[in-house]
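The basis for the numbers below is simple: all heavy atoms, side chains too, and nothing from hydrogens, waters or symmetry mates. Note that ligands are numbered from 1 as they come in the structure, with each ligand's atoms numbered from 1 the same way.
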Amino acid sequence: MPQAQSGFEATNVNISYNFGQQITFLAQLTSSVPIQQAFISFRGVNEQTTRVIPLTLNADGSTRYQYDASQHVIAPFAVIEFSYQATLANNQSVAAGPFYFRYDDNRFTWKELSDGSVAVHWYNGDDAFGQAALDAARAGLQGISQTFPVSLNPPVDVYIYANFDDLVSSLTLGGKTWEAGHADPSIGVGMLAVAPSDTQSIDLQRLVPHELTHIMLYRSLGDGFNRLPTWLEEGIASMEELYPNPDYVSALETASKNNSLLSFDDLCVSFPADSGRAYLAFAESQSFVRFLLDTYGNTGIVALTQAYADGLDCELGATRAVGVPLNQLEIRWRETVLGQNMLDVATRNLLPYLIILGLTLIVPVWGAIGVFSTGRKNVR
Ligand SMILES: [Zn+2]
């Protein structure tokens with residue numbers, strides 16, 4: 001081991017941070033061979049890029065590095081891995097670490113209630129609020145287990161912000177502001193916003209199971225989870241809400257009447273950034289997945305997730321899983337759930353084209369009549 005030969009060591013390793021502002025890394029680096037240049041390197045365990053920063057050492061080897069987390073955002077509750085490296089006077093490269101810490105959102109004083117498998121955290125609300133959240137988590141997991149395996153090893157954490165602004169300011173969602181919650185499934189963390197209120201239990205029973213579903217889907221599918229179409233992932237998560245959003249039904253009816261439904265083909269990669277259309281995307285996905293569950297059962301839903309996790313595209317995944325391509329499933333859903341007559345819809349969609357087609361046919365006929373009559377005039 002080079003470390004052993006050079007005696008390179010990092011001691012008094014210490015971290016302090018203000019979430020969203022700065023992270024301070026402290027350590028004392030010592031080596032039996034003089035240190036030419038020391039570095040610190042760190043990254044969130046799920047990040048692709050490692051930050052490498054040269055350090056200034058004091059005479060006693062102590063070093064302090066402050067990272068500006070307001071400019072270069074790190075996801076909340078991410079586990080951060082860091083290590084110290086050095087180039088020595090004999091050109092040897094040495095390292096100490098890795099060390100780990102979790103970058104909690106410490107802007108708030110969190111209360112915690114845990115049953116050993118699920119921990120709920122909140123900062124606004126009494127003990128009954130926390131109990132309602134934990135009950136919602138347990139009931140949600142019970143529901144999810146009807147369709148997917150539930151894995152609580154390692155345990156999962158649910159963080160309940162008191163309002164949407166607190167939640168959004170904690171996230172690096174990059175435009176994904178349409179969700180009332182967010183899950184970071186690979187670290188087993190769900191985040192959502194529920195304020196203490198008369199309806200807190202219902203709100204919690206809707207949002208906690210939703211975020212837990214994202215985490216359980218990830219645990220059941222592994223990396224293939226990232227290949228799930230958005231409509232399927234969000235549709236399943238919305239379906240597992242114990243109190244589904246009652247306004248989804250009217251949103252669907254209105255869009256169906258106005259002929260403004262979004263096609264699932266357009267909801268494969270992401271949902272619209274526009275919040276109104278995103279809302280409709282959730283309503284449609286929830287209704288569609290519910291329809292698929294009623295038609296093909298739990299095994300159909302599981303087969304769908306597996307086909308997509310295997311990397312099949314949006315159309316073909318459905319074909320392999322249930323024998324019907326996505327666009328045909330969508331037609332059946334529109335007919336069965338929304339009572340649409342697809343021949344009608346097709347005609348309505350084609351109407352502008354039929355008018356143009358009509359015009360392009362009529363214009364030459366008029367032209368021909370014109371020529372004909374002119375000809376006749378000439379004959380006269
Ligand atoms: Zn979701």
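For E234, the N, O or S atom with the smallest separation from the Zn ion (ligand 1) is OE1.
Ring geometry for F101 against F25 counts as perpendicular: the plane angle is over 60°, on a 0 to 90° scale with 30° as the lower cut.
For S83 and E81, the side-chain atoms include no donor-acceptor pair closer than 3.5 Å.
Computed with the Zn ion (ligand 1) at the centre, the H214 NE2 to H210 NE2 angle is 100°, stated to 10 degrees.
Metal site remark for the Zn ion (ligand 1): H182 contributes no N, O or S atom at a distance under 2.8 Å.
A ring-ring contact (aromatic ring centres under 6.0 Å, His included) with F42 is found for exactly one of F82, Y84, Y67, namely Y67.
Take T50 and apply the side-chain contact (heavy atoms from CB on, under 4.5 Å) test, not counting sequence neighbours, and it matches S41, R43, V52.
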